[in-house]
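Worksheet: the structure to be examined is printed underneath.
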Amino acid sequence: MSRVLNQQISTNSSNVESEDALLAVSGIGFDYENVPILAEVSISVDRGEFVALVGPSGCGKSTLLNLISGVLEAKEGSINTNGLVGRAERLGNVSYMQQNDLLLPWRTVAGNCRLGLELKGVGKAESNERVERLAELFDIADVLDHMPWQLSGGMRQRVALLRAVLPDNLVLLLDEPFGALDAITRRSLQQWLLNVLDTADKAVVLVTHDVDEAILLADRILVMAPEPGRIIADIKVDFEAKTDTEDISMSLEFNKIRTNILHLLSHQESVR
Amino acid sequence: MNTYGSLQKALSEWLPPVAMTIGLIVAWEVLVDVLDVQHWLLPPPSVIAVEIADSFGFLMRHARVTAAETVIGFTISILLAGGLSSGIIWSRTVERTIYPLIITSQTIPIITLAPLLIIWVGTDITSKVIVIVLFTFFPIVISLVAGLRSVDQEMVDMFRTLGASPFQIFRKLMIPSALPNFFAGLKVAAVVSVIGAVIGEWFGSSAGLGWMMKIAGGQFQTARVFAAIVVLSILAMALFAAVVATEKWMLRKYPPIANRVIRLGDS
């Protein structure tokens with residue numbers, strides 16, 4: 001297997017908006033109780049692009065996703081997701097999987113999965129059909145009538161992911177989707193995500209503090225620094241064939257990027 | 001072996017409460033006899049049992065009246081508490097406006113209110129229903145508000161990102177989250193509601209177990225008073241059991257943790 005790696009680092013993060021950008025964040029800032037959380041953050045994600053945000057905890061990664069999804073209102077700057085500019089109109093049109101699985105304990109797995117469709121008024125029969133179509137792929141077809149408390153952590157995450165992607169929005173945000181899982185489950189889910197998630201027509205943003213996960217899954221990695229949260233590097237990851245996580249993570253290229261990002265992160269720590 | 005095991009389990013589960021009840025009844029019977037207490041002062045359980053058997057039709061006729069008042073009052077109480085709690089959760093203005101009134105309504109001794117109610121609305125069922133509602137809506141409101149407030153902000157945000165309207169968040173997230181708390185308040189209200197009915201009847205009525213106790217007490221028919229109390233307890237327990245059964249059914253899909261309790265005494 002031959003792999004070509006193109007690695008470019010632009011430290012000024014001048015994210016030029018391309019024609020094909022599904023998600024364009026420009027110059028947003030956010031304060032919480034007069035403490036600046038994010039300052040001058042600009043991101044542009046193209047159709048079919050998978051971008052990872054890495055950074056130390058407290059650098060505003062999750063806040064950024066809350067702003068993009070429409071849960072929070074930015075203090076300054078603008079966000080455009082496929083033409084949707086207003087905060088309220090983005091709500092319900094951006095798929096967002098939060099850090100915790102947030103499954104409703106009183107609903108079956110199927111009932112949890114179809115929540116997004118149900119809230120949009122899609123009939124139960126049609127919703128169930130769409131859930132069943134994806135359930136096979138998500139490896140939860142056998143547990144659709146189970147209750148969430150009967151599932152393992154890895155399964156719960158897959159249910160939460162299915163719930164998030166089912167409404168089929170063009171922008172998909174993932175906040176530490178595997179953060180709460182043990183290392184082995186985590187790795188197998190990363191592999192599964194690579195093979196299964198069809199993101200060809202979507203713009204995906206993954207927040208993670210796991211550098212390996214970012215390199216494995218993303219086409220581009222944005223490194224963030226805290227106080228206030230900002231983007232300090234934009235690194236392209238381009239393996240020719242991203243199919244096998246084991247192969248990739250053993251390669252020399254992988255380790256080069258890894259060293260680079262870890263250096264950027266640790267440098268930030270010492271500056272503080 | 002297996003049947004023996006389950007028998008033993010049933011025995012250990014039922015023996016203590018049954019033994020306790022029988023023990024108390026026997027002690028009562030024996031003490032009344034040994035200490036030679038006059039039956040008009042304190043009748044022994046056997047005399048009360050005979051009284052229940054003798055005036056069974058009479059008791060049932062009045063129990064029906066009290067039961068009807070209780071069920072109507074209890075139902076109105078649930079509806080009222082549901083409306084008040086929803087308002088309190090929905091808007092801060094509503095909360096600030098009605099919460100003080102709700103608290104004030106509970107600081108008024110309801111017993112002093114009952115005679116006034118007779119003057120205002122008469123001696124028909126309305127006055128009893130009002131007393132029952134005053135007695136029971138408060139625990140339901142308190143538990144419902146606590147339950148509706150127990151929802152995580154994260155969960156609410158998740159609903160919002162899926163495009164939920166405020167009403168959908170209320171109906172599909174907050175109400176289901178509040179149910180376990182709601183039933184806790186409902187159990188308190190169920191038991192208290194019967195007391196409300198009796199107090200209402202006490203001050204002005206021509207039927208019901210409360211009225212019966214008042215008349216019988218005035219005539220020193222102590223056994224009859226006790227008979228009415230027994231029927232009243234059974235009424236309250238039946239209402240309580242109905243609430244528990246509804247709770248079990250409505251929470252059947254909830255994780256068992258909701259029903260599991262920690263007992264430090266059982267190892």
Side-chain angles (χ1 to χ4, degrees), chain A residues 62-63 65-73 81 84 87-122 127 145-151 160 163-169 171-175, chain B residues 82 85-86 89-91 143-144 146-187 243-262:
Chain A
S62 298
T63 305
L65 294 196
N66 280 334
L67 289 166
I68 296 171
S69 66
V71 168
L72 294 175
E73 176 94 71
T81 60
L84 301 176
R87 183 189 67 81
E89 58 181 353
R90 286 200 306 278
L91 279 174
N93 290 305
V94 173
S95 292
Y96 183 14
M97 180 188 171
Q98 281 100 325
Q99 214 163 337
N100 299 318
D101 57 57
L102 301 175
L103 299 182
L104 300 175
W106 54 82
R107 278 175 175 245
T108 61
V109 169
N112 271 288
C113 287
R114 66 165 184 265
L115 183 65
L117 296 179
E118 187 182 314
L119 293 170
K120 287 189 170 170
V122 179
S127 315
D145 57 346
H146 283 46
M147 301 309 291
W149 49 270
Q150 297 171 305
L151 305 186
R163 178 182 63 194
V165 301
L166 196 61
D168 210 20
N169 298 309
V171 177
L172 172 61
L173 313 174
L174 305 168
D175 190 358
Chain B
S85 318
S86 309
I89 288 297
W90 200 260
S91 118
S143 61
L144 248 181
L148 291 167
R149 286 215 172 117
S150 69
V151 178
D152 276 353
Q153 183 61 44
E154 266 192 312
M155 279 280 195
V156 175
D157 287 345
M158 185 268 288
F159 266 73
R160 289 170 66 210
T161 64
L162 291 173
S165 67
F167 180 70
Q168 282 178 318
I169 293 174
F170 185 72
R171 207 171 76 82
K172 292 180 188 285
L173 173 63
M174 296 180 96
I175 289 180
S177 302
L179 279 185
N181 270 299
F182 169 65
F183 278 107
L186 214 53
K187 284 183 215 166
V243 170
V244 171
T246 313
E247 178 187 29
K248 271 207 170 133
W249 182 74
M250 288 194 73
L251 302 188
R252 68 195 179 284
K253 284 188 165 177
Y254 283 56
I257 292 165
N259 308 320
R260 199 194 297 157
V261 280
I262 296 162

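In what follows, chains are A, B, ... by sequence order, proteins preceding strands, each numbered from 1. Quantities reported herein were computed from a predicted structural model and do not represent experimental measurements. Side-chain atoms are counted along with the backbone in the values below, which use heavy atoms only and exclude waters and symmetry mates.
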Could you tell me whether the side chain of [X] and the main chain of [Y] form a donor-acceptor pair under 3.5 Å?
X       : Y       : answer
E247(B) : F183(B) : no
R163(A) : G116(A) : no
R114(A) : V122(A) : no
N66(A)  : V71(A)  : no

- What residue in N93(A), V94(A), L104(A) has the most heavy-atom pairs under 4.5 Å with chain B?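 Highest number of pairs under 4.5 Å: L104(A).
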
- Return yes when atom NZ of K120(A) has more than 12 non-hydrogen atoms of other residues, nucleotides or ligands closer than 6.0 Å, and no otherwise.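 More than 12 within 6.0 Å, yes.
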
- Engaged part of L179(B) at the chain A interface, taking heavy atoms whose separation is under 4.5 Å: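 Neither part.
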
- Atom group of S95(A) that falls short of 4.5 Å from chain B, counting heavy atoms: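 Interface part for S95(A): neither.
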
- Message: Using side chain to side chain contact (heavy atoms under 4.5 Å, CB included), reason through L103(A) and W149(A) one step at a time and then give a plain yes or no.
- Response: CA-CA 9 Å; L103(A) 299 182; W149(A) 49 270; over 6 Å; no

- Message: Are the side chains of T108(A) and M147(A) in contact, using a 4.5 Å heavy-atom criterion?
- Response: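 M147(A) vs T108(A): side chains touch.
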
- Item | Atom pair CD (Q99(A)) and CG (L174(A)), whose distance is rounded to the nearest 0.5 Å |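 Result: 12.0 Å between the selected atoms.
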
- Message: Counting heavy-atom pairs closer than 4.5 Å to chain A, which one of S177(B), S165(B), G163(B), P176(B) comes out on top?
- Response: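 Winner by heavy-atom pair count: P176(B).
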
- Item | Neighbourhood of chain A inside residues 153-162 of chain B, taking heavy atoms under 4.5 Å as contact |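 So far as heavy atoms go, E154(B), M155(B), D157(B), M158(B), F159(B), R160(B), T161(B), L162(B) are the residues that approach chain A to under 4.5 Å.
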
